[in-house]
Structures are given as structure tokens and as C-alpha cells.
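Report on the following structure.
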Amino acid sequence: MTQSSDYPRNRHWQRLLLYFPLMLLSIFYLVPIYVILVTGFKGFDEINLRTMWNLPARLSFDNYLSAFNLLTPYIWNSLNMVVPATVASALIGSINGFVLARWKFRGANLIFPLILFGMFIPYQSIFIPLVQFMRMIGIYGGLPGLVLTHVIYGIPITTLIFRNHYSTIPQEIIEAARIDGAGLLNTYRYILLPLSMPAFVVALIWQFTATWNDFLFAVVLTRPEFWPITVALNNMAGSQIVAWNIQMAGALLAALPTIVVYVFLGRYFIHGLMAGALRE
Amino acid sequence: MPKLKNADDYLAIALITPSILAVGVFVYGFIAWTLRVSVSRWTGLLPDFSLVGLRNYWELYFDPRFQIDARNLAIFTFVFVGGALLLGFVMAVLVDQNLPGENFFRSLFLFPMAISYIVTGVVWRWLMNPAEGTRISGLNQIFESMGLNFLISRWHTAPVWGIAAIALAAIWQMSGFTMALFLGGLRSISDDVREAARVDGASEWQLYRYIIIPLLNPVTLSVVIILGHISLKVFDLIVSLAGKQLALDVPAIYMWQATFDGYFFGRGAAISILMLLIISLLIIPYIYFNLKHEADL
């Protein structure tokens, strides 16, 4: 072992060296953000793939305005789909999580893993019946079918988030309420619901991010006039008509809502990520 | 297990029944239905449920396109899971050193998890522009100007290994998630363990190699399973980065085109059932052991 007097100084130098790999990694992470931002703020006259890395000569909003004009209807579709899907998912998850965490009925230990499995399946394995079902009940192609789909396939993760949360609440509190004569609904309404805020935030953020970013269900279930922004953006990028600078601006618009949520509520976002990996 | 005793027990069941029914129908019922379609003759717009046994699966086995899919998926999984595992671990160890600014780095590395694969694909499509000569741009242009010409790449247009370029974008998107999982693991290792090793004269390298990495084995296994199953489902990122092209085909894209573009419903269903089977081999033990571990606590 090194002499004790050398130890801290040695460690100090080593610690400073750690910033070198951190900086390299940061560059890897920042390059796409840099390109998306500088491209977005350039004027149309400056747009050239050869000068992609240059800073804009002057701040211009041309690209964002063009992208916004092209994407506005799809942003509305996304919002109209995401808000009801997210709220409904969280409410359903709360009820399921409560029942599974607190009322140990026969078979509960079998039902929970069977529900959980639903969040890992490749959705390709349910597409054919899903489309047939949506056609059969007459909501194929529009937003209600997409909302219903997100709510149903969101049940596993939201149930898990709330069940984990309710499991941390001491059984004594529930027992005390029960002894005082509170039934199931009153226990939920007056004891657990007021303590549910963190789980609601996690579930809402998770479902908001997942449904806003979803491409797979949307591309299967919606007609062009009801495309959410991910499908519209992909279509814009795949076409030869829309210039790359406008695609970049569109990408930022599509990413902005979830980035804002991440920046302000990142801690809760990480809780959702951990729950999704069953590691909480 | 207590028996149903009172009205509350019935109410609890009534509350959870709609969800159980929904999952039962939309997950298990629909999978059963897809399984049924996969052994049917159904080709074309009109359903045809006449049984053909395992013919759709058998045809896939000899299908050159499905062989390309298998190869692409193997390369993608290897590069993506390996890369994200390594990078995520390095980031977790670096962020775990109590350095000033660690919150900034952690947030930066994790933020791509908040955005859509479609956004990632659109941006990386231009960064990994394969154009050459006077039309060179994106990362290749940077490499050229820095004299790092050996790094100039055809990216996703390269033969055979083109899919690895997609994996690079996936690593960018998902390594932060790996980092977060490893950080959770690192923070659960008590400082006493580290101190004891240091007192015994272990170098930092030995500490990680012989103590910390073995203690993180369960986390590593989780990471491999979670990333592996994501990798088997890869779809959005390829579509947005490179479009649907045969050279970068994977089962999820083949399933899509067979079913919704080609109306080969039987074949599409068979592909999706194969995807489900492989993912189930990873996920069912994963759920089982995680819940068992939870019950044991």
C-alpha cells in the first residue's frame, strides 16, 4: 500500500483524470443535440450539408416555422391521443395496484406475473387480431382505437408501478383503517389515494413518454389524417420532398414535450425506467 | 391463502376483473389467435383458416430473406447489447465517483431515453450520411477534417455489417438506461466492502475486477435480458434511420411487410410467433426469478 500521506494526493490526481473519459462520452451524447440545434436555427440560405457543422450566421426560425406548419395537425393528434390514454392508464393502474398489493385473493400470485408478461411481448404477435378487432368494432384508423390500445397494453406497467408503491405503505395503517370500519373503497379513497402522488407522477410520466414516442401501434392503427407526430415525422424523413434541415427542426419539435418532462421530472422518469426492468 | 370472506373481497375482484379480462383477451387471446393464423393458409385480403400445419414456419426456415433477418439480428444484438453494456457500465462507474458535476453527466447520458427512436433515427440518418468525395458530410466530414480518414465509414450502407451502424445509434439511445441500472447496483454495495478491500491492499482495478463486478452479476444479467429482448424487437430505429430495405431487414420489419404490405397473413403470424417464443425464453424466467426474489425478501 502507498504511504498514507501520498494516498489522498494520488487519488486527487486520479479523480481529475476521470473527467477525460466523461468529456469524451459527453461529446458522443452532445453531437446529435448540437447538429439538431444549429441546423434548426439556420436560415434557408445557409442550409448546405457541407456546412452542417457550422454555427448559424444569424438566428433564424425559418426551419422551425416550416416544420411547425407541416406538423401542426399531427402534434394535435398526438396530444389528443396522449392525454386521455395517459390519464386513463394511471387511474386503472392505481386501482389494479391497490387491489393486488392489499387484497390477497386466491390466485393473485399467479395473476400478477401473467399481467406483467404483457409488457414484454413483441406487439407484432397481437397485430393481426388487433387490427381485425378494431375493424370489427368500427374504430380502426382513428384516435379512439389508438387510445384504447395504449390503455390496455399500458395496464402491466402502470399496475406494476402502483403495486410497488402501495407495497411500501405499512400494513398497520391499512389495518387501523379496517378496524375503524373503513371498507375497501374508503381505505383506497382516504388512506392510499392521498399517499399515491409519487406513483401517479411516475405512471403519468411513463405513459406520457411511451405513448408520445410510440410509432409501432400508431403506424398499424391510424390513417394518415390521424397520424401522431412520430409517424408524420418518419414519413417526412422518408420522403424526398422535405429538406433535411426541416426534418431536423421537426425532430426537435417531436422530442420537445418529452424532453421538457425529463428535464423537470427526471427523477420520476428514472423510477419508471427501473420499474420497467422489474428492478425496484 | 384466506378464503373470500366479505363484500370487500368481492369488490376487490370486481375492480380488477376488467383489467384481467382486457389483458386476457388482448394479450393471451390475441396471441392464441395469431398462433391460429400462423398455421393457416391465409394469404390475401380474405381470411382463410384452412390448416396447413407448420408450413409457414417451414417455409421461413428456407426463406433467404429470413436468413438475412437472422444474421442481421445476431449482429445487431451482439453490437448493441455488448456496446450498451460496456458503455453503460463505464458511465455508471464514472458517475459513481462523487465527482462535482455528476448530476449533469448522469442526466446527459440518460436523456436520449426520453426521446423517440424516430427522432434518434432522423438525426443519426444525417450524421451517418454515407456520401463521399465533394458531397461528404456528417460524421465522415468531421473525421476527414481531423485527418482520421480510417474512421470514414459507409455506415448503414456497408455490406453485412451495415446493421451495426443502426446499433451504434441504439447504443447512443439506450446506454444511459444501462448506466442507471448499474448505478442502482453500485449504490447498493456498501462502502464497507470497498474500504475493506482497500485496507487489504487491493488496487482500484482489483477492487472492481474481483469484488464489485462479481457483486453486480445479477444487474448485468438483467441488463442483458432487457436489452436483448429490446434488440429482438428492433423496428422503429431501422425504419426511421434507413427505411425498409432488404439489406437491413429484421423479423419485425419482415413481419410488417409480409402482413400489411403483402397480405401473407400466415407468414406474418409465423414470424411474430417466432419472435414471441424467443423473447419468452428470456422473459418468463426473468419475471419468475424477480418475483420470487421479491417474495423471499
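Keep in mind the model is a prediction, meaning the values are calculated, not measured. Numbered from 1 within each chain, the chains take letters A, B, ... in sequence-line order. Because only heavy atoms are used, hydrogens play no part in the values below, and waters and symmetry mates are left out as well, while side chains stay in.
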Please flag which part of B:Thr259 lies under 4.5 Å from any non-hydrogen atom of chain A: side chain, backbone, both or neither. side chain

Residues pairing under side chain to side chain donor-acceptor pair (under 3.5 Å) where one sits in residues 23-33 of chain A, two or more places apart or in two chains, turn out to be none

Counting C-beta onward and ignoring hydrogens, is there a side-chain heavy-atom pair between B:Tyr28 and A:Ile126 closer than 4.5 Å? no

Are there over 12 heavy-atom neighbours, none belonging to B:Tyr288, within less than 6.0 Å of that residue's OH? no

Within a radius of less than 6.0 Å around CZ of B:Arg135, do more than 12 heavy atoms belonging to other residues, nucleotides or ligands occur? no

Between A:Phe98 and chain B, which part of the residue has a heavy atom less than 4.5 Å away: side chain, backbone, both or neither? neither

All heavy atoms of A:Tyr262 vs all of B:Ala114, minimum pair found to be CB-CB, 3.8 Å

Passes side chain to side chain contact (heavy atoms under 4.5 Å, CB included), B:Asp236 versus A:Val219? Steps please. CA-CA 10 Å; B:Asp236 309 19; A:Val219 82; over 6 Å; no

Structural part of A:Val220 lying under 4.5 Å from a heavy atom of chain B: both

Which bit of A:Ile155 comes within less than 4.5 Å of chain B, counting heavy atoms only: side chain, backbone, both or neither? side chain

Region of B:Asn290 in contact with chain A, defined by heavy-atom distances below 4.5 Å: side chain

Atom of A:Ala251, atom of B:Val119 and distance for their closest heavy-atom approach: O-CG2, 3.6 Å

Can you tell me how the ring of B:Tyr286 sits relative to the ring of A:Phe120, calling it parallel under 30°, perpendicular over 60° and tilted otherwise? perpendicular

State, to 0.1 Å, how close B:Phe30 and A:Leu130 come at their nearest heavy-atom pair, and which atoms those are. CE2-CA, 3.6 Å

Between B:Ile20 and chain A, with a heavy-atom cut-off of 4.5 Å, which part of the residue counts as in contact: side chain, backbone, both or neither? side chain

Could you look at B:Asn98 and say if it's the side chain, the backbone, both or neither that has a heavy atom under 4.5 Å from chain A? both

All heavy atoms of A:Gln124 vs all of B:Ala252, minimum pair found to be NE2-CB, 3.4 Å

Here the pair of heavy atoms bringing B:Ile118 nearest to A:Leu233 is CG2-CD2, 4.0 Å

Between A:Trp244 and chain B, which part of the residue has a heavy atom less than 4.5 Å away: side chain, backbone, both or neither? both

Grab the two heavy atoms, one from B:Ser19 and one from A:Asn96, that are nearest each other, plus how far apart they are. OG-ND2, 2.8 Å

